[in-house]
Amino acid sequence: MNILIIGSGGRESAFAYKLSKSPRLNQLFIAPGNAGTGQYGQNIDLKVTDFEGIAAFALGNAIDMVLVGPEEPLVKGIHDFFLGREDLKHIPVIGPQQEGAQLEGSKDFSKEFMFRHNVPTAAYQSFDKSNLEEGLVYLESQKLPIVLKADGLAAGKGVLICETLDDAKAELTAMIADAKFGDASSVVVIEEFLKGIELSVFVLTDGNSYKVLPSAKDYKRIGEGDTGLNTGGMGSISPVPFADEAFLAKVEERIIKPTVEGLKKDNIPYKGFIFIGLMNVDGEPFVIEYNVRMGDPETESVLPRIESDLVDLLEGVAQGNLDERSFTVSPKTAVTVMLVAGGYPGDYESGKEINNIENVEDSIVFHAGTKEVDGKVVTAGGRVLAVTTLQDNLFDALQQATADAGRVFFERKYFRRDIGFDLI
């Protein structure tokens with residue numbers, strides 16, 4: 001098969017790595033890709049939302065399948081775009097259509113969906129300009145801390161945890177009346193704060209059957225000991241030690257099955273990944289959010305543990321017979337450590353030459369924010385590289401990934417040396 005991956009980050013590097021191992025693959029293209037994806041396929045200079053350009057490339061290169069990495073093209077309707085054109089609709093797109101993508105594109109939509117289908121989640125109310133005053137009054141009746149979520153996509157920055165009532169009222173006003181997050185916060189979900197430990201469960205579905213992919217836990221804070229500013233993710237581990245068989249059975253019964261069945265009941269076709277962000281509250285799972293694609297850096301820990309042919313699984317999604325495809329997962333532990341640029345997650349530096357990647361022998365180095373300039377690999381993003389290792393146990397994996405993260409060099413490189421050590 002000729003496959004086109006849409007995206008340019010660590011997640012897409014992991015997809016490219018995994019797909020490149022399939023005997024079913026003929027040619028692999030990544031649009032736009034990065035300095036690392038070129039070792040698995042051919043990078044194509046196209047923006048992820050340039051649907052016309054992607055269509056022309058797909059037709060000109062006999063593409064048999066499109067795998068969409070990031071959420072933006074899905075929320076903007078790339079799948080519907082392909083289905084709506086006679087010359088494109090034969091090319092399957094892995095990723096939901098626009099309506100299904102609202103599970104991530106609108107927090108209000110996803111909360112309504114969860115309540116409608118009895119999926120356990122935090123209590124909430126949504127407010128906009130028309131009832132902002134009611135929202136301010138509603139805050140007075142809620143326990144603190146309280147969570148405010150911008151309804152739309154806000155590049156991972158639209159969630160605020162407010163410790164005081166004054167702060168909550170000020171932030172709600174700033175989000176709705178002053179458009180703090182632009183159009184994304186024209187509607188704001190006020191949500192009960194859940195105290196527990198976070199993890200993610202990933203599902204691949206053809207709309208009827210599904211496969212539960214390995215669980216993962218990511219680390220969002222920039223500083224060791226989970227301190228400092230939130231980031232896009234500083235590392236991840238899979239499997240999650242506290243997500244044992246009994247807990248995951250609860251997740252499947254109470255969350256995964258009602259989610260897949262709920263989509264069917266609502267007549268929402270869904271072919272692709274569902275990322276379920278969970279809170280483990282005293283052994284009980286609650287959904288914090290849905291995403292409609294794989295996470296980053298969790299993908300870099302999850303995919304290396306999948307022993308099955310990913311091309312075969314994705315074909316099962318496209319053809320609606322995923323339940324007939326073989327699916328096996330390695331019992332080994334994967335640990336991913338992110339190397340980030342100086343200044344991240346604030347204003348970060350770019351264009352720094354990266355050296356010594358070739359000295360990493362016992363881990364996979366997935367490129368995230370890199371590009372090639374004059375034959376050299378340089379930094380081109382806040383999160384630069386993801387170093388992933390697969391070992392027999394968590395301790396060995398933590399040690400190997402951390403050691404290998406130290407072998408790569410670029411000016412003002414930073415990484416957390418404590419990823420996963422809280423779970424030992």
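In what follows, residues are counted from 1 in the order of the sequence shown.
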Could you list the donor-acceptor pairs under 3.5 angstrom formed between side-chain atoms of residues 261-269 and any protein atom two or more places apart in sequence or on another chain?
| from | atom 1 | to | atom 2 | distance (Å) |
| --- | --- | --- | --- | --- |
| Glu261 | OE2 | Lys264 | NZ | 3.4 |
| Asp266 | OD1 | His117 | NE2 | 3.2 |
| Asp266 | OD2 | Arg116 | NE | 3.4 |
| Asp266 | OD2 | Arg116 | NH2 | 2.8 |
| Asp266 | OD2 | His117 | NE2 | 2.9 |

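Residues Ala334 and Leu390 share a closest heavy-atom pair of CB-CD1, 3.7 Å. When all heavy atoms of Leu229 and Pro345 are compared, the pair lying nearest together is CB-CG, 3.8 Å. Shown here for Gln98 and Asp80, the closest heavy-atom pair between the two residues is N-OD1, 2.7 Å. Of all the heavy atoms in Ser326 and Asp312, the pair that sits closest is N-OD2, 4.3 Å. Closest non-hydrogen pair, Gly420 versus Leu394, comes out as O-CD2, 4.3 Å.
Annotation: side-chain hydrogen bond (donor to acceptor under 3.5 Å, both in side chains) contacts involving residues 269-279, sequence neighbours excluded, are absent. Residue pairs meeting the side-chain hydrogen bond (donor to acceptor under 3.5 Å, both in side chains) criterion with at least one partner in residues 241-250, sequence neighbours excluded, are Lys250-Glu284. Residues in residues 92-104 take part in these salt bridge (Lys or Arg N to Asp or Glu O under 4.0 Å) pairs, two or more places apart or across chains: Glu104-Arg293.
Enclosure of atom CG in Asp128 by more than 12 non-hydrogen atoms of other residues, nucleotides or ligands within 6.0 angstrom is indicated. The 12-atom threshold is exceeded at OH of Tyr124, counting heavy atoms of other residues, nucleotides or ligands nearer than 6.0 Å.
Annotation: side-chain hydrogen bond (donor to acceptor under 3.5 Å, both in side chains) contacts of Tyr210 (sequence neighbours excluded): Glu252. For Thr370, the side-chain hydrogen bond (donor to acceptor under 3.5 Å, both in side chains) partners are His367, not counting sequence neighbours.
Atom-to-atom distance recorded for Met114:CE and Phe109:CZ is 10.5 Å, nearest 0.5 angstrom.
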Legend entry - side chain to side chain contact (heavy atoms under 4.5 Å, CB included) between Phe15 and Met294, intermediate numbers included: CA-CA 10 Å; Phe15 274 133; Met294 288 294 283; 3.7 Å; yes

Inset, instruction - Take Thr388 and Ser363 through the test side chain to side chain contact (heavy atoms under 4.5 Å, CB included) and record every step on the way to the result. - result: CA-CA 5 Å; Thr388 298; Ser363 297; 5.9 Å; no

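For the pair Arg417 and Phe415, the distance from NZ or CZ to the six-membered ring centre is under 6.0 Å and the angle to the ring normal is within 45 degrees.
Classified by interplanar angle (parallel below 30°, tilted 30° to 60°, perpendicular above 60°), the ring pair Phe81/Phe51 is tilted. Classified by interplanar angle (parallel below 30°, tilted 30° to 60°, perpendicular above 60°), the ring pair Tyr138/Phe127 is tilted.
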